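A quick write-up on the structure given underneath.
Because the structure is predicted, anything quoted here is derived from the model rather than measured. The sequence lines fix the lettering, A, B, ..., with proteins before strands; numbering per chain opens at 1.
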Amino acid sequence: MIRIATWNINGVKARIENLCQWLKDASPDIACLQEIKSVDEAFPRGEIEALGYHVETHGQKGFNGVALLSRMRPDEINRGLPGDETDEQARFIEGVFTIGPRAIRVCSLYLPNGNPIDTEKYPYKLRWMDRLRTFATGRLQLEEPLILAGDYNVIPEPIDCHDPAVWANDALFLPQTRSAFREQENLGLTDALRATTAAAKIYTFWDYQAGAWQKNNGIRIDHLLLSPEAADRLLSVAVDKHVRAWEKPSDHVPVIGSFDF
DNA sequence: ATGGTCGATATTCGA
């Protein structure tokens with residue numbers, strides 16, 4: 001069994017203790033991280049390598065930044081989402097891994113938040129989603145197991161948030177945002193958690209403010225999207241909710257898919 | 001009661 005996880009850690013330097021504890025507890029084979037908020041040179045790779053992981057990062061100063069941690073050495077790493085050479089935000093890294101007889105592609109992505117919606121940030125989000133759709137279209141033609149894992153900053157359906165009314169005019173829940181996410185799914189990509197449980201009130205993010213965690217005022221925005229070749233091998237999906245109650249938590253929690261690769 | 005809270009960084013921005 002292979003376990004592939006995604007976790008927005010909201011700053012790797014502030015989260016290194018929690019990250020190492022979680023890696024020991026959950027022991028994922030591949031972990032996709034977002035919001036490392038670090039340049040590659042400052043990423044605390046030593047502590048993670050000591051736990052038996054290879055570390056590949058695509059960082060930048062101050063904000064954003066993604067990483068791939070893996071038990072096995074990647075055969076190939078690609079940094080940056082194709083489709084806009086002028087985009088300097090570090091939000092995408094792809095790794096190709098050999099597991100048994102097959103190649104598996106895993107991407108760690110940090111989709112733009114898009115707020116406030118009356119600024120350039122929202123069109124940037126929609127353009128980024130369009131680039132992701134183009135990328136996925138090409139990769140699906142390979143007919144390989146593909147896992148697009150990350151913080152999508154998309155609440156797919158009303159049941160994926162505590163109170164849909166408060167999100168009505170938010171970039172994470174606008175009709176255009178949800179429509180663009182459905183376009184992704186309609187390419188043939190499966191939302192792994194939704195495919196294995198139709199239950200409401202499963203969240204992956206709780207704001208630091210206003211006691212959101214204590215009130216279970218959360219949203220589900222961290223997703224694993226699977227090609228048919230990966231979806232056919234999916235066994236289960238877990239949300240590691242307990243780490244949100246740890247000291248000095250990230251505002252997101254890990255989502256882990258188990259596969260019989 | 002028109003805030004609230006984090007992280008990285010610089011005394012503000014992004015979320």
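Rounded to an integer number of Å, the gap from NZ of A:Lys125 to P of B:dG14 is 16 Å. Between the CD atom of A:Gln34 and the P atom of B:dA15 there is a distance of 14 Å, given to the nearest Å. Rounded to an integer number of Å, the gap from CD of A:Glu247 to P of B:dC6 is 11 Å. Look at CG on A:Leu33: it is 16 Å from C1' on B:dG7, rounded to the nearest Å. Atom CG in A:Asn64 sits roughly 13 Å away from atom P in B:dA8 (whole-Å rounding). Note: CH2 (A:Trp213) to C1' (B:dC6) measures 17 Å, nearest angstrom. Nucleotide B:dG14 holds its P atom 12 Å from the NZ atom of A:Lys37, rounded to whole Å. The distance between atom CD of A:Glu120 and atom C1' of B:dC13, rounded to the nearest whole Å, is 17 Å.
Residue-level contact check: A:Arg244 touches neither bases nor backbone, having no heavy atom under 4.0 Å from any strand. The residue A:Tyr110 sits close only to the backbone: its heavy atoms come under 4.0 Å of sugar-phosphate atoms, none of a base.
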Could you please spell out the steps behind the salt bridge (charged side-chain N to carboxylate O under 4.0 Å, His left out) verdict for A:Asp40 and A:Arg45?
CA-CA 9 Å; A:Asp40 296 335; A:Arg45 59 169 53 240; over 6 Å; no

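Although no hydrogens or angles enter the test, the distance criterion places a donor-acceptor pair under 3.5 Å between the side chain of A:Arg15 and the main chain of A:Lys248.
Ring-plane geometry between A:Phe261 and A:Phe259 is classed as parallel, the angle between the planes falling under 30 degrees on a 0 to 90 degree scale with a further cut at 60.
When the nearest nucleotides of DNA chain B are assigned to A:Gly11 and A:Pro112 by heavy-atom distance, the more 5′-ward of the two goes with A:Gly11. Positionally, the nearest nucleotide of DNA chain B for A:Gly62 lies more toward the 5' end than for the other of A:His252 and A:Gly62.
Contact annotation: A:Lys248 reaches the phosphate of B:dG7 (side-chain N/O to OP1 or OP2, under 4.0 Å). The shortest distance between the side-chain N/O atoms of A:Lys121 and the OP1/OP2 oxygens of B:dA15 is below 4.0 Å.
Checked against B:dG14, B:dG4, B:dC6, the side chain of A:Gln209 finds its nearest nucleotide in B:dG4. The side chain of A:Glu35 approaches B:dA15 more closely than any other nucleotide in the set B:dG7, B:dA10, B:dA15. Here B:dA10 is the nucleotide among B:dG14, B:dA10, B:dC6 with the atom lying nearest to any side-chain atom of A:Lys61. When each of B:dG7, B:dT9, B:dA15 is scored by its nearest atom to the side-chain atoms of A:Arg91, the top-ranked nucleotide is B:dA15.
Comparing B:dT5 with B:dT11, their P atoms sit 23 Å apart, to the nearest whole Å. Atom name C1', nucleotides B:dT12 and B:dA1: the rounded distance is 24 Å, in whole Å. For the P atoms, the distance linking B:dT9 with B:dG4 amounts to 23 Å, nearest Å. Look at the P atom in both B:dG7 and B:dG3: the space between them is 22 Å, to the nearest Å.
At a cut-off of 3.5 Å, with distance as the only test, no side-chain donor of A:Asp207 or A:Asn217 sits close to an acceptor on the other residue.
Checked against the 6.0 Å centroid criterion, the rings of A:Trp246 and A:Trp22 do not qualify as a close aromatic pair. Ring centroids of A:Tyr110 and A:Tyr152 are separated by 6.0 Å or more, keeping the two rings apart.
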